[in-house]
Asker: 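Once you've had a glance at the structure underneath, I'll fire off some questions.
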Protein chains: 2
Amino acid sequence: MNKFNEIYLDIESAILNQQYQAGELLPSENELAKSYNVSRETIRKALVLLLENGYIQKKQGKGSIVLDVQRFNFPVSGLTSYQELKSSQHINSKTILVKNIRQTMPDAVTKQLQLPKDTAVHFVERLRQVNGESIILDKDYLLTSVIPDLPDKEAENSLFQYIEQTLGLSIGYAQKEFTVEPVTKEDKQLMSLHGDTHVVVVRSSVYLEDTTLFQYTESRHRLDKFKFVDFARRRSPM
Amino acid sequence: MNKFNEIYLDIESAILNQQYQAGELLPSENELAKSYNVSRETIRKALVLLLENGYIQKKQGKGSIVLDVQRFNFPVSGLTSYQELKSSQHINSKTILVKNIRQTMPDAVTKQLQLPKDTAVHFVERLRQVNGESIILDKDYLLTSVIPDLPDKEAENSLFQYIEQTLGLSIGYAQKEFTVEPVTKEDKQLMSLHGDTHVVVVRSSVYLEDTTLFQYTESRHRLDKFKFVDFARRRSPM
DNA sequence: TAGTGGTCTAGACCACCGT
DNA sequence: CGGTGGTCTAGACCACTAA
């Protein structure tokens, strides 16, 4: 593991354990460099990670102020799978595999993503249940050119885990789009909607590190169970 | 201006002008360092910015691949104001100032943000109209301890611009939370809802660079006009 | 003025990729 | 193997903050 990543994790846990309290200053970069026995630039790389993840705020001439992490309690922003979310939030939930079949990518999707027509995919449809209610409907399309086989028992668990750990592929980045749309017949059949007229729809295109598109996902959430939290830094608006 | 920022902007515009095409490799870090007459670490800082903004993907031993920026066409993620969004998207829209009064922060907000009860704020309520329809209702609470005066004519324009340019304050970061909630009476009165039962609610806490909280905003969007796009990189899920 | 973070350098070694 | 990006260093100078 990198030095700067180790240092990041070390300081992160110190903040979470409240060894550094909100509002306090971290030791200066020079002090940290001395105490970790690394150069200042290495410390600075660790601090960038803390900064990006909302743990600290830096001020020139002043120092690095520890932020109130309790207040930022749900760092979902970024690229996190349902499984990871579930384990980090200790949600009592269950996944039901509705479908896992091979077919071609829908035309609407191939057109938008500039893929060839009739691209072969695994189509995986899953329901996420919490306390017996079907809250989320996930529809995943995985390119068979990248993922040749997709056993049912993997589809019931985490696709990301299967892709990264079993297949040894590296996930790079994703683009997500959030909208609210009218419910479909399928939503009504599969989800516990209580007569809702709309669902939140999150459409994602997921790419490997080598920039290959390998997955397109449509995730449909019941309105009252949807929440997305984002931590954003101001970038000078030029 | 920084060197690495200049270089970032330079390469960014080269990508947008398609001088570097999607799928191509950028010149190597050593070549870029030579041609810009800077050290390699400085080039790398510029590339980090390109990476974070979804312009390139790096691969060890290979190079920096230019991504298809057209596909990522709506980089709203981050901290961008309505005015900036409007000008970047050339939306034909109008802002109506409904209220600009002094009052105390609602108790529900002070409790959640751990502020003192009866914190004095400017309460600004604004409607965003597109093509004559009221699409968004913004309710801003600005601490008078940070922003003593808030003229109506500034409230009609950009709050961020007033805060940054006129007052000379530096905005640091924000935490945003997205949910979908039932409409209120006020929503029905002020917005053009066509009988919708829900609105998207974006609640933001905005902080200065010195970590002072100075603004709390509730932004209520009509369902069919709401869209949020996020570019996310995979972080090793530990 | 002393200490802080912000930037930049020149060089080093490593891991990974392709030939 | 040579070239790529990934990491790390030791040192320098600057801009900002607080006393």
Side-chain angles (χ1 to χ4, degrees), chain A residues 1-11 20 23-52 55-67 168-173 208-212 233-236, chain B residues 1-11 20 23-52 55-67 168-173 208-212 233-236:
Chain A
M1 177 72 100
N2 309 330
K3 288 190 188 178
F4 70 82
N5 223 316
E6 301 271 16
I7 295 169
Y8 161 65
L9 293 175
D10 195 53
I11 300 179
Y20 297 122
E24 282 181 15
L25 293 177
L26 287 185
S28 77
E29 296 180 350
N30 282 316
E31 286 168 6
L32 288 170
K34 202 171 291 177
S35 72
Y36 280 103
N37 249 306
V38 297
S39 74
R40 196 179 137 216
E41 285 286 5
T42 300
I43 291 294
R44 284 177 59 75
K45 280 176 189 160
L47 295 186
V48 164
L49 293 179
L50 290 166
L51 199 68
E52 284 174 352
Y55 288 110
I56 62 171
Q57 172 75 3
K58 304 179 82 176
K59 197 65 201 290
Q60 199 173 37
K62 193 96 171 292
S64 299
I65 302 167
V66 178
L67 298 182
L169 300 171
S170 295
I171 298 173
Y173 55 96
L208 295 177
E209 271 189 0
D210 66 4
T211 78
T212 313
R233 288 195 174 275
R234 178 74 168 165
R235 295 184 51 76
S236 37
Chain B
M1 178 72 100
N2 309 330
K3 289 190 188 178
F4 70 83
N5 223 316
E6 300 271 18
I7 295 170
Y8 161 65
L9 294 174
D10 195 53
I11 299 178
Y20 298 122
E24 280 180 16
L25 293 178
L26 287 185
S28 76
E29 296 181 351
N30 283 316
E31 285 168 7
L32 288 171
K34 202 171 291 178
S35 71
Y36 280 103
N37 249 305
V38 297
S39 75
R40 195 180 139 217
E41 285 285 4
T42 299
I43 292 294
R44 284 178 58 76
K45 280 176 189 162
L47 295 186
V48 164
L49 292 179
L50 290 166
L51 199 69
E52 283 175 353
Y55 287 110
I56 63 171
Q57 173 73 5
K58 303 179 82 176
K59 195 64 201 288
Q60 199 173 37
K62 192 96 173 291
S64 298
I65 304 166
V66 178
L67 298 183
L169 300 171
S170 295
I171 297 172
Y173 55 96
L208 296 177
E209 271 188 359
D210 67 2
T211 78
T212 312
R233 290 195 173 276
R234 177 72 168 167
R235 296 183 51 76
S236 35

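All chains are named by letter (A, B, ...) in the order of the sequence lines, taking the proteins before the strands, and each is independently numbered beginning at 1. Values below: every heavy atom of this structure, side chains too, minus hydrogens, waters and symmetry copies.
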Asker: Tell me, which stems hold DNA chain C, with a stem being 3 or more Watson-Crick or G-U pairs in a row and both distances under 3.5 Å?
Answerer: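 Stems found: C:1-18 with D:1-18.
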
Asker: Looking at the side chain of A:N2, which of D:dT9, D:dT7, C:dG5 is the nearest nucleotide?
Answerer: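 Taking heavy atoms from C-beta onward, the closest nucleotide is D:dT7.
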
Asker: How close do A:T211 and B:I65 get, heavy atom to heavy atom, and via which atoms?
Answerer: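 Closest heavy-atom pair between A:T211 and B:I65: CG2-CD1, 3.8 Å.
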
Asker: Figure out the CZ/P separation between A:R44 and D:dT9, and round it to whole Å.
Answerer: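 The answer, rounded to whole Å, is 14 Å.
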
Asker: Using whole Å, what does the distance between atom C1' of nucleotide C:dG3 and atom NZ of A:K58 come to?
Answerer: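 Going from A:K58 (NZ) to C:dG3 (C1'), I get 15 Å.
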
Asker: How many angstroms lie between atom CG of A:L25 and atom OH of A:Y20, to the nearest 0.5 angstrom?
Answerer: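 Separation between the atoms: 11.5 Å.
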
Asker: Just so I know, are the side chains of B:N2 and B:K45 near enough to count as touching, which here means a heavy-atom distance under 4.5 Å?
Answerer: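 The answer is no; the side chains never approach within 4.5 Å.
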
Asker: Looking only at heavy atoms, what is the nearest atom pair of B:P27 and B:L32, with distance?
Answerer: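 Where B:P27 meets B:L32 most closely, the heavy atoms are O-CD1, 3.5 Å.
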
Asker: Do B:Y36 and B:T42 have side chains that get closer than 4.5 Å, going by heavy atoms?
Answerer: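 SC-SC contact between B:Y36 and B:T42 ruled out.
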
Asker: Taking 4.0 Å as the cut-off, does a side-chain nitrogen or oxygen of A:S28 come that near to OP1 or OP2 on C:dT4?
Answerer: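 True: A:S28 side-chain N/O within range (under 4.0 Å) of C:dT4 OP1/OP2.
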
Asker: When the distance from NZ of B:K34 to P of D:dG5 is rounded to whole Å, what number comes out?
Answerer: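 Answer to the nearest Å: 13 Å.
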
Asker: So B:E41 and A:E41, do their side chains get closer than 4.5 Å, heavy atoms only?
Answerer: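 No, too far: nothing below the 4.5 Å cut-off.
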
Asker: If I take atom CG in residue B:L47 and atom P in nucleotide C:dC8, what distance separates them, rounded to the nearest angstrom?
Answerer: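 Rounded to whole Å, this separation is 14 Å.
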
Asker: For nucleotides 11-19 of chain C, give me one character per nucleotide, 5' to 3': B if any protein heavy atom sits under 4.0 Å from the base, S if the only such contacts are to the sugar-phosphate, - if neither.
Answerer: -B--BBSS-

Asker: Would you check if the side chain of B:Q57 reaches a backbone N or O of A:E209 as a donor-acceptor pair within less than 3.5 Å?
Answerer: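 Answer holds: yes.
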
Asker: Any base atoms under 4.0 Å from B:E209, or only sugar-phosphate, or nothing? Heavy atoms, all strands.
Answerer: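 B:E209: no heavy atom of the nucleic acid under 4.0 Å.
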
Asker: Counting C-beta onward and ignoring hydrogens, is there a side-chain heavy-atom pair between A:R44 and A:K58 closer than 4.5 Å?
Answerer: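 A:R44 vs A:K58: side chains touch.
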
Asker: Which of the following nucleotides, D:dC8, D:dG5, C:dT7, is nearest to the side chain of B:S64?
Answerer: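 Out of D:dC8, D:dG5, C:dT7, the nucleotide with an atom closest to B:S64's side chain is D:dG5.
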
Asker: To the nearest angstrom, how far is A:E29 atom CD from C:dT7 atom P?
Answerer: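 The distance from CD of A:E29 to P of C:dT7 comes to 11 Å, rounded to the nearest Å.
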
Asker: Taking the side chain as everything from C-beta on, heavy atoms only, tell me whether B:L47 gets closer than 4.5 Å to B:F4.
Answerer: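 Side chain of B:L47 against side chain of B:F4, heavy atoms only: no contact under 4.5 Å found.
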
Asker: Reckon B:T42 has a side-chain N or O less than 4.0 Å from the OP1 or OP2 of C:dT9?
Answerer: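 True: B:T42 side-chain N/O within range (under 4.0 Å) of C:dT9 OP1/OP2.
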
Asker: A:I65 has an atom CD1; how far is it from atom C1' of D:dA18, in whole Å?
Answerer: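 Answer to the nearest Å: 14 Å.
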
Asker: Between C1' on C:dG3 and CG on A:L32, what's the gap in Å once rounded to a whole number?
Answerer: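 For the pair A:L32 CG and C:dG3 C1', the rounded distance is 14 Å.
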
Asker: In whole Å, I'd like the distance from the CG atom of A:L25 to the C1' atom of D:dT17.
Answerer: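 So the two atoms are 12 Å apart, to the nearest Å.
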
Asker: Identify whether any heavy atom of B:K45 sits under 4.0 Å from a base atom; if not, whether one sits that close to sugar-phosphate; answer base, sugar-phosphate or nothing.
Answerer: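 Base: the residue B:K45, judged by heavy atoms under 4.0 Å, touches a nucleobase.
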
